[in-house]
J.: 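Pasting a structure below so you can have a look.
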Protein chains: 2
Amino acid sequence: MEPSLEAEIGRLHAAVCSALSDPKRIAILYALHEGPKNVTELTELLELNQATTSRHLKILRDRSLVETQRDGVHIYYSLADERVIEALDLLRGVLASALERRKTLAEVMTVRT
Amino acid sequence: MEPSLEAEIGRLHAAVCSALSDPKRIAILYALHEGPKNVTELTELLELNQATTSRHLKILRDRSLVETQRDGVHIYYSLADERVIEALDLLRGVLASALERRKTLAEVMTVRT
DNA sequence: CTGATATATTCGCATATGCGAATATATCTT
DNA sequence: AAGATATATTCGCATATGCGAATATATCAG
């Protein structure tokens, strides 16, 4: 009785999405979009605790959103797939539109008060 | 001392993404992409508990990913922004590529064993 | 091998999330 | 108003997630 393949894909799809559900991880992905960076650089750039950076990177790595390349004592992380940034940009656009709609609504309501 | 606007946007961006981080909610969004549906229809289509459906819809509504329209005793939900589907499709593509890479790797390793 | 630096993992703990059952609310019909 | 149906909310509870501190591991220099 294997759980339906479709359900399994749904779970994996959600796992990829949930990698994006944290502000720090989104910031990491955008930072890597500028170019590869090692853990220390990311830690300083995003003002995170080193353990926190490492844990977030593990989550992104496990879901194949980032790749690593060792250079001596440093480990450089880079984006594994640019489409992640495209998706993030689309969703940021969705957010912007939603906020715009709410703002307009708020203004209309304010005028009538 | 308002917390930086940038940080607040990051949190909202993550909130939108985290709405996608559940298989049931992803299924709801794809179902609504086919056309508006009421809560009962979604509940049956996705084989969910009615309370569960309602709670998921509230999460999507709060983040402005879906809209509602009342029709008598029914409430019809629809997609608020098609870009959500575009983003989901992109991320599904990312997942597919990642699985493909792993599969290839697994095959190579199997041959060598 | 030893010390220094970079990165990863583990451990508690606090908070967040998802669920079904039960209950509340809203709308329509009669 | 009363019953029927649709939807939303609340309540416990179980599991998941994020965090900093501490610790472990890996790599390099000497």
Side-chain angles (χ1 to χ4, degrees), chain A residues 3 7-8 10-29 31-32 35-78 80, chain B residues 3 7-8 10-29 31-32 35-78 80:
Chain A
E8 178 61 13
R11 285 186 44 241
L12 291 171
H13 196 178
V16 168
C17 292
S18 77
L20 310 179
S21 71
D22 180 277
K24 318 289 176 55
R25 286 197 295 269
I26 292 177
I28 288 174
L29 291 166
L32 294 181
K37 291 182 178 48
N38 65 45
V39 182
T40 303
E41 288 169 340
L42 286 170
T43 297
E44 291 172 356
L45 186 59
L46 306 177
E47 298 181 306
L48 297 176
N49 177 292
Q50 182 266 321
T52 300
T53 308
S54 211
R55 261 187 270 103
H56 281 314
L57 287 170
K58 175 176 174 52
I59 289 171
L60 296 172
R61 218 188 318 130
D62 287 346
R63 289 148 166 88
S64 298
L65 302 188
V66 300
E67 291 171 341
T68 59
Q69 179 163 9
R70 180 146 223 153
D71 177 17
V73 84
H74 297 279
I75 296 182
Y76 281 84
Y77 280 79
S78 54
Chain B
E8 178 61 13
R11 286 185 42 240
L12 291 171
H13 196 178
V16 169
C17 292
S18 78
L20 310 179
S21 70
D22 180 277
K24 317 289 175 53
R25 286 197 295 269
I26 292 177
I28 288 174
L29 291 167
L32 294 182
K37 291 181 179 50
N38 64 45
V39 181
T40 303
E41 288 169 339
L42 286 170
T43 297
E44 291 172 356
L45 185 60
L46 306 177
E47 299 181 306
L48 297 175
N49 178 290
Q50 182 265 321
T52 299
T53 308
S54 211
R55 262 187 269 103
H56 281 314
L57 287 170
K58 175 177 174 51
I59 289 171
L60 296 172
R61 219 188 317 128
D62 287 346
R63 288 150 166 88
S64 298
L65 302 188
V66 299
E67 291 171 342
T68 58
Q69 179 164 10
R70 182 147 221 150
D71 177 17
V73 84
H74 297 279
I75 297 182
Y76 280 85
Y77 280 78
S78 53

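As a basis for the values below, the full set of heavy atoms in this structure was taken, side chains included, without hydrogen atoms, waters or symmetry mates.
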J.: Is A:Y77 near enough to C:dA8 that one of its side-chain N or O atoms lies under 4.0 angstrom from OP1 or OP2?
T.: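 Yes.
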
J.: Measure the distance from CG on B:D22 to C1' on C:dT17 and round it to the nearest whole Å.
T.: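 Checked: the CG to C1' distance equals 9 Å.
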
J.: State, yes or no, whether a side-chain contact exists between B:L42 and B:L48 at a heavy-atom distance under 4.5 Å.
T.: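 They are not in contact (no side-chain heavy atoms under 4.5 Å apart), so the answer is no.
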
J.: Look at the side-chain N and O atoms of B:H56 and state whether any lies under 4.0 Å from the OP1 or OP2 oxygen of C:dT17.
T.: no

J.: Searching all strands shown, indicate the nucleotide that pairs with D:dT17 (Watson-Crick or G-U wobble; both distances under 3.5 Å).
T.: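 The answer is C:dA14, by the H-bond criterion.
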
J.: Tabulated below should be each protein N or O lying under 3.5 Å from an N or O of nucleotides 20-27 of chain C; please produce it.
T.:
unit_1	atom_1	unit_2	atom_2	d
C:dG20	OP2	B:T52	OG1	2.5
C:dG20	N7	B:R55	NH2	2.7
C:dG20	O6	B:R55	NH2	3.0

J.: Let me see the working for B:T52 and B:T43 under side chain to side chain contact (heavy atoms under 4.5 Å, CB included), right down to the final yes or no.
T.: CA-CA 8 Å; B:T52 299; B:T43 297; over 6 Å; no

J.: Using whole Å, report how far CZ of B:R11 lies from P of C:dA16.
T.: 11 Å

J.: A:I59 near the nucleic acid: base, sugar-phosphate alone, or nothing, with a heavy-atom cut-off under 4.0 Å?
T.: sugar-phosphate

J.: Any heavy-atom pair between the side chains of B:N38 and B:E41 that's under 4.5 Å?
T.: yes

J.: Is there a side-chain contact between B:K58 and the phosphate of D:dT7, meaning an N or O under 4.0 Å from OP1 or OP2?
T.: no

J.: In the structure shown, which nucleotide is the Watson-Crick or G-U wobble counterpart of C:dT2, with both distances under 3.5 Å?
T.: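 D:dA29 - that is the nucleotide pairing with C:dT2, both distances being under 3.5 Å.
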
J.: Is there a side-chain contact between A:I28 and A:L46 in this structure, where contact means two heavy atoms from C-beta onward sitting under 4.5 Å apart?
T.: yes

J.: Calculate the interatomic distance between A:I28 atom CD1 and C:dT7 atom P; express it in whole Å.
T.: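 To the nearest whole Å, that distance equals 13 Å.
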
J.: What's the CD1-P distance between B:I75 and D:dT5, to the nearest Å?
T.: 18 Å

J.: Rounded to the Å, how far apart are A:L60 CG and C:dT7 P?
T.: 16 Å

J.: For the residue pair B:K37 and B:L32, establish whether any side-chain heavy-atom pair is separated by less than 4.5 Å.
T.: yes

J.: Grab the CG-P distance between A:D71 and D:dC28 for me, whole Å please.
T.: 9 Å

J.: Can you name the nearest heavy-atom pair linking B:S18 to B:R63, along with the distance?
T.: OG-NH2, 3.5 Å

J.: Expressed in angstrom and rounded to an integer, what is the separation of B:L57 atom CG from D:dA8 atom P?
T.: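 That distance rounds to 7 Å.
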
J.: B:K24 NZ to C:dT17 P: how many Å, rounded?
T.: 16 Å

J.: Roughly how far apart are A:H74 NE2 and A:T68 OG1, rounded to 0.5 Å?
T.: 15.0 Å

J.: Can you see if the side chain of A:T40 gets near the phosphate of C:dT7 - specifically, an N or O under 4.0 Å from OP1 or OP2?
T.: yes

